[in-house]
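By convention in this document, chain letters (A, B, ...) are assigned in the order of the sequence lines, proteins followed by strands, and residues within each chain are numbered from 1. Any value given below was found using the heavy atoms of this structure, including those in side chains, with hydrogens, waters and symmetry copies removed.
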Amino acid sequence: MTTLLSLSRRRNSYYLLTHPRLLRRFSADADPPPGIKPESQESAEVRLLENLRKIPQQDWASSETLSSLLVSSSIPPPALSQITRRLGSYSLAASFLHYLLDAAKSQSLNHRREESLSLVFQSVVEFAGSEPDSKDKLLSLYETAKEKNVPLTVVAAKLLIRWFSRMGMVNQSVLVYERLDSSVKNTQVRNVLIDVLFRNGRAGDAFKVLDEMLCEGSSVFRPNRITADIVFHEVWRGRVLKEDEIVGLISRFGSHGVAPNCVWLTRFITSLCRNARRTDVAWEVLSGLMKNRAPLQAPSFNALLTVLGRNMEISRMNDVVVKMDEMKIRPDVVTLGILINTLCKSRRVDEALEVFQEMCGKRSDDGDVIKADSIHFNTLIDGLCKVGRMKEAEELLVKMKTEESCAATTVTYNCLVGGYCIAGQLETAKEVVSRMKEDGIKPNVVTLNTLVGGMCRHHGVNMAIAFFTDMQREGLKGNVVTYTTLIHAYCSVGNVENAMGLFDQMLEAGCSPDAKIYYALISGLCQARRDHDAVRVVEKLKQSGFSLDLLAYNMLIGLFCDKNNGEKVYEMLTDMEEAKMKPDSITYNTLVSFFCKLKDFESVQKMMENMREDGLHPTVVTYGVIIEAYCSAGDVSEALKLFNDMGSRSKVSPNTVIYNILINAFCKVGNLGQAMSLKEDMKEKMVRPNVETYNALFKSLNEVHQKETLFKLMNEMNQSSCEANQTTVEILMERLTSSDDLIKLKQFMQGYTVGYQVEKNFTFPCL
DNA sequence: TTAAGATCGC
């Protein structure tokens with residue numbers, strides 16, 4: 001962060017140097033700067049213009065005055081061009097051009113003849129463009145230039161190319177370009193041609209011209225900022241290139257030190273990161289441009305930082321900021337906003353505050369320092385609220401009110417309301433709402449939703465409903481978020497009826513559902529095992545144009561498996577396949593469990609194969625389900641085979657649940673030795689036995705001579721802080737009946753070690 | 001002007 005802060009303080013001269021105003025040049029054909037013109041020449045120019053106006057056009061050719069002015073005064077070409085313009089009409093200008101062409105033939109125009117004709121021709125072209133029948137005039141002018149070998153100036157070439165294209169004669173535009181002297185085919189002219197070709201739907205030809213410019217070394221006329229503007233505007237508008245091709249094109253422009261304009265580049269970086277999730281490519285694009293010293297600005301980096309921030313990739317963000325510093329690209333107010341926000345979201349509020357304080361503290365008359373705005377304040381207040389630092393959040397609100405142009409907003413107060421709701425201080429949260437009203441700030445639907453959520457979490461759904469009803473009376477309507485919160489709350493207490501009622505209420509209120517509210521309902525209905533209602537909601541979801549997500553599919557498949565509705569399960573799987581959604585290990589485990597219940601071990605094996613083909617690995621849950629199924633089918637040896645398979649083939653370590661299944665199975669068939677040795681195995685593998693483990697073992701220790709083992713296990717249970725439950729007590733009470741035993745049971749329940757004598761003639765080797 | 005940062009559903 002230090003890097004970033006030093007940047008915010010630095011005055012940056014780089015921008016001044018690249019300011020377009022400082023780069024602007026005088027055009028080649030502009031009038032010479034005033035004050036250097038010899039007086040005699042000036043008067044020659046004035047006299048020529050006066051005479052041209054005075055003498056009727058048909059008499060120009062025979063006028064001695066005109067020809068002597070031309071021969072004697074050596075009027076420079078730009079002045080002749082200026083005179084042409086001042087003639088004020090196309091017809092006079094065109095006549096003057098023809099007069100000069102004749103004069104050139106008869107040697108009375110000798111001074112810089114070619115240049116004079118070119119510039120005068122250009123001025124005539126300028127007039128022709130706004131004439132009523134400009135098409136014919138331009139065509140005939142161009143013919144004249146060709147016939148009389150008048151070279152076209154850059155400006156004349158640009159005008160002709162542009163105007164022929166506007167008149168629907170793009171082929172004529174191309175001809176003009178092709179016949180140009182190679183020295184006139186400069187960047188400006190090529191830019192116009194490329195633009196014209198794009199506008200006429202000839203992208204292929206445009207790219208050919210561009211290609212010549214981009215070819216490193218071979219092109220004298222390199223692309224500039226304008227070229228990039230034309231090309232990238234077209235690329236964005238016409239979607240003519242694929243993403244990778246655009247990346248390549250940016251890089252080729254980059255090698256000439258040219259970057260796409262900031263807005264365009266920012267959009268492209270955003271779409272790269274957002275749609276394709278290719279932040280690495282986005283970074284390569286920016287790095288490539290930086291390497292070539294192409295001019296870049298903060299917003300393009302902000303686009304990348306935003307996405308990195310969302311993914312909490314703080315170290316990559318830091319790399320970006322460091323590089324910006326190296327390249328003297330100043331972060332702006334948004335860059336700092338993104339950084340502060342990301343730090344807050346990852347609960348590193350103190351670091352966020354540090355960045356913020358540096359920023360505020362260093363504010364002076366140096367205009368380069370970034371001024372904190374209300375978004376920075378809101379972000380920090382929210383960050384503090386989210387970690388429960390309410391006092392500091394309130395203090396920041398006070399500070400905010402004293403800052404210029406940092407007025408507290410609804411968002412500010414909503415953050416505070418949220419903080420008090422997280423802390424369970426609902427009354428204080430409501431007081432904040434009163435305070436905001438006093439400050440003249442209206443609560444909005446987010447305020448409502450925050451409080452409804454807080455009430456659901458801390459005081460139950462009924463209080464939330466009552467509050468919502470009150471708010472509705474006050475004119476504050478809920479939105480889909482309000483209803484989703486309440487539906488979740490109803491479902492979590494098993495009240496699916498009310499949840500469904502709320503959904504209908506929402507539709508009546510004219511609020512349109514989104515995918516999430518459907519998922520909430522489907523989840524509730526699946527938990528309540530209401531398969532028919534769930535099917536109806538899925539239908540509604542599809543009618544509304546949404547599709548199920550993997551979580552919803554898994555819940556539904558689970559429900560239909562539970563209801564033994566194989567047909568529906570099949571339908572869901574087909575549906576998933578059509579939606580190109582890949583099942584995950586939860587889907588497979590659900591299916592494995594379904595086939596296990598049916599004792600269809602062949603299908604179970606098939607599922608395991610499918611799972612591997614899909615690139616998924618059986619999990620501890622998969623093994624647990626199958627091992628349990630083999631056990632309950634009485635095939636303990638198959639179960640044990642799979643158990644051994646876990647560690648060796650799949651590298652999945654068995655957990656307590658797996659051990660319990662097997663211990664239970666061995667206990668049930670009376671193989672206490674195996675059960676006990678499994679429990680020892682747990683110890684070795686550092687898997688903690690739980691109350692179920694002990695209950696299973698206690699249950700099978702019902703012989704009188706096994707009582708010492710029982711006591712030993714009881715002590716072990718206490719030592720490992722494994723708490724007994726109701727079942728434990730019931731099992732033990734059955735086995736410990738003598739008054740002496742009952743005392744021991746009492747000691748055990750109180751957590752004391754039970755004293756006993758080791759039975760000599762019967763012990764398990766493992767104990 | 002465009003581009004980029006803040007509050008509510010799990």
Side-chain angles (χ1 to χ4, degrees), chain A residues 229 233 236 260-271 273-274 282 296-310 317 320 331-345 352 355-356 370 372-386 393 396 400 406 408-422 429 432 436 441 443-457 464 468 476 478-489 491-492 506 513-521 523-524 549 551-552 555:
Chain A
D229 277 352
H233 175 265
W236 187 257
N261 88 50
C262 183
V263 174
W264 191 92
L265 183 65
T266 306
R267 279 191 194 154
F268 182 62
I269 297 287
T270 308
S271 87
C273 295
R274 206 174 277 166
L296 295 171
Q297 285 157 43
S300 311
F301 292 85
N302 293 347
L304 174 63
L305 286 169
T306 303
V307 180
L308 292 178
R310 260 179 226 145
M317 290 175 82
V320 173
D332 63 8
V333 67
V334 176
T335 319
L336 287 166
I338 298 166
L339 268 127
I340 290 175
N341 185 35
T342 310
L343 287 169
C344 283
K345 289 289 173 301
V355 173
F356 176 74
I370 302 158
D373 65 14
S374 45
I375 294 184
H376 294 135
F377 275 99
N378 289 345
T379 312
L380 283 162
I381 289 175
D382 187 56
L384 288 166
C385 288
K386 288 270 157 44
L396 212 52
M400 186 179 185
C406 281
T409 64
T410 307
V411 176
T412 323
Y413 284 98
N414 286 348
C415 297
L416 286 166
V417 171
Y420 288 116
C421 282
I422 290 170
V432 174
M436 74 193 279
I441 293 161
N444 64 8
V445 68
V446 179
T447 325
L448 167 72
N449 292 343
T450 309
L451 276 160
V452 164
M455 286 173 186
C456 286
R457 279 193 302 273
F468 179 33
L476 192 51
N479 65 8
V480 68
V481 177
T482 329
Y483 289 97
T484 309
T485 309
L486 291 166
I487 284 174
H488 264 298
C491 290
S492 70
M506 181 186 79
D514 64 4
K516 283 185 183 177
I517 197 160
Y518 282 110
Y519 299 155
L521 263 184
S523 153
D549 66 354
L551 203 76
M555 288 189 295

Exercise for the section: With sequence neighbours left out, write down each residue that passes side chain to side chain donor-acceptor pair (under 3.5 Å) with A:Thr266, or none if nothing qualifies. Expected result: A:Ser300
Exercise for the section: For A:Arg310, answer base if it contacts any base atom (sugar-phosphate contacts may also be present), sugar-phosphate if it contacts only those atoms, and nothing otherwise; contact means non-hydrogen atoms under 4.0 Å. Expected result: sugar-phosphate
Handout entry: side chain to side chain donor-acceptor pair (under 3.5 Å) against A:Asn302, all qualifying residues, sequence neighbours excluded
Key = A:Asp332, A:Thr335
Practice task
Look at the side chain of A:His376 and the backbone N and O of A:Asp373, then say whether any donor-acceptor pair between them is shorter than 3.5 Å.
Solution key: yes
Practice task
Select base, sugar-phosphate, or nothing to describe what A:Ile517 touches, counting heavy atoms under 4.0 Å on all strands.
Solution key: base
Exercise for the section: For A:Ile375, report the nucleic acid contact type (base, sugar-phosphate, nothing); a contact means any heavy atom under 4.0 Å. Expected result: base
Problem - Terminal contacting nucleotides, 5' and 3', DNA chain B versus chain A (heavy atom, 4.0 Å) - result: B:dT2 to B:dC10
Practice task
Classify the nucleic acid contact of A:Val452 as base, sugar-phosphate or nothing, counting any heavy atom under 4.0 Å across all strands shown.
Solution key: nothing
Handout entry: side chain to side chain donor-acceptor pair (under 3.5 Å) partners of A:Thr482, counting only residues at least two apart
Key = A:Asn449, A:Asn479
Exercise for the section: Have a look at A:Thr484 and say if it touches a base, only the backbone sugar-phosphate, or nothing, with a 4.0 Å heavy-atom cut-off. Expected result: base
Problem - Sequence-distant partners of A:Thr412, side chain to side chain donor-acceptor pair (under 3.5 Å), two or more places apart - result: A:Asn378, A:Thr409
Practice task
For A:Lys516, enumerate each residue passing the salt bridge (Lys or Arg N to Asp or Glu O under 4.0 Å) test, keeping only those at least two apart in sequence or located in another chain.
Solution key: none
